[in-house]
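Below, each value reflects all heavy atoms present in this structure, side chains not excepted, and no hydrogens, waters or symmetry copies. Remember, it's a predicted structure, so these values are computed and weren't measured experimentally.
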Amino acid sequence: ERKEFLQQLGVLDESDAEQTRVIIPNYVLNPRNCIGPWGYYATCSFNECEFLMSDLERALGSPEAAPSVIAEKIAALPSSTVKAPRALPIALLRKLEEVAMHHKGSVPIHGR
């Protein structure tokens, strides 16, 4: 997709001018990925990530958590492509720690 189009959708994180990123949940859940709308409803594609996120939110019971707790809960989540327990890549675990360093030891579940 063109940068301008992604900006219009509101799916770009441009907080770091040297490394623009796409905010995946915003892109996937964007209304342009839906068929319709026809009057009162639209048909949107199945989004397994939404179900996984709901399971994680329920398991944590909090809008933020320690990186180790998040990693433990995510590792226990099965999906259509990965059986639980899943092994999380070291790079992802490091990223959780890095985010926590910026947020007083906790990782916010929503936001940038």
Q | Within one Ile-Leu-Val-Met-Phe-Trp-Tyr cluster: Ile70 and Met101, side-chain cutoff 4.5 Å | A | no
Rounded to the nearest 0.5 Å, the CD1 atom of Ile74 sits from the CG atom of Leu93 at a distance of 9.0 Å
| Glu64 and His110: side chain to side chain contact (heavy atoms under 4.5 Å, CB included), yes or no, with the steps? | CA-CA 8 Å; Glu64 60 184 40; His110 299 284; over 6 Å; no
Could you walk me through whether Lys95 and Glu98 pass salt bridge (charged side-chain N to carboxylate O under 4.0 Å, His left out), step by step?
CA-CA 5 Å; Lys95 191 58 137 173; Glu98 183 181 315; 3.4 Å; yes
With heavy-atom distances below 4.5 Å as the criterion, would you say the side chains of Pro78 and Lys83 are in contact?
no
**Asked** Arg58 versus Lys73: any side-chain heavy-atom pair under 4.5 Å?
**Response** no
### Query
Can you check side chain to side chain contact (heavy atoms under 4.5 Å, CB included) on Gln7 and Arg2, steps first, answer last?
CA-CA 9 Å; Gln7 287 171 323; Arg2 289 186 343 268; over 6 Å; no
Check your understanding: Heavy atoms, side chains only, cut-off 4.5 Å: are Val69 and Leu60 in contact?
Key -> yes
When rounded to the nearest 0.5 Å, the distance separating OG of Ser106 from CG of Leu96 is 11.5 Å
Value for CD1 (Ile23) from CG (Asp13), rounded to nearest 0.5 Å, stands at 5.0 Å
Exercise. Is Pro108 close to Val99 at the side-chain level, that is, under 4.5 Å between some pair of heavy atoms?
Worked result: yes
Open item on the list: Treating Ser79 as the side-chain partner and Val82 as the backbone partner, does any N or O pair qualify as donor plus acceptor under 3.5 Å?
Closed with: yes
>> Donor-acceptor check, side chain of Arg21 to backbone of Leu12, threshold 3.5 angstrom: yes or no?
In response: no
Heavy atoms of Pro67 and Gly105 approach each other most closely as CD-O, 3.6 Å
- Message: Set out, in order, the CA-CA distance, both residues' side-chain angles and the distance that settles side chain to side chain contact (heavy atoms under 4.5 Å, CB included) for Met53 and Ile109, then state yes or no.
- Response: CA-CA 9 Å; Met53 190 66 184; Ile109 303 307; 2.9 Å; yes
Correct closest heavy-atom pair for Val22 and Leu6 would be CG2-CD1, 4.1 Å
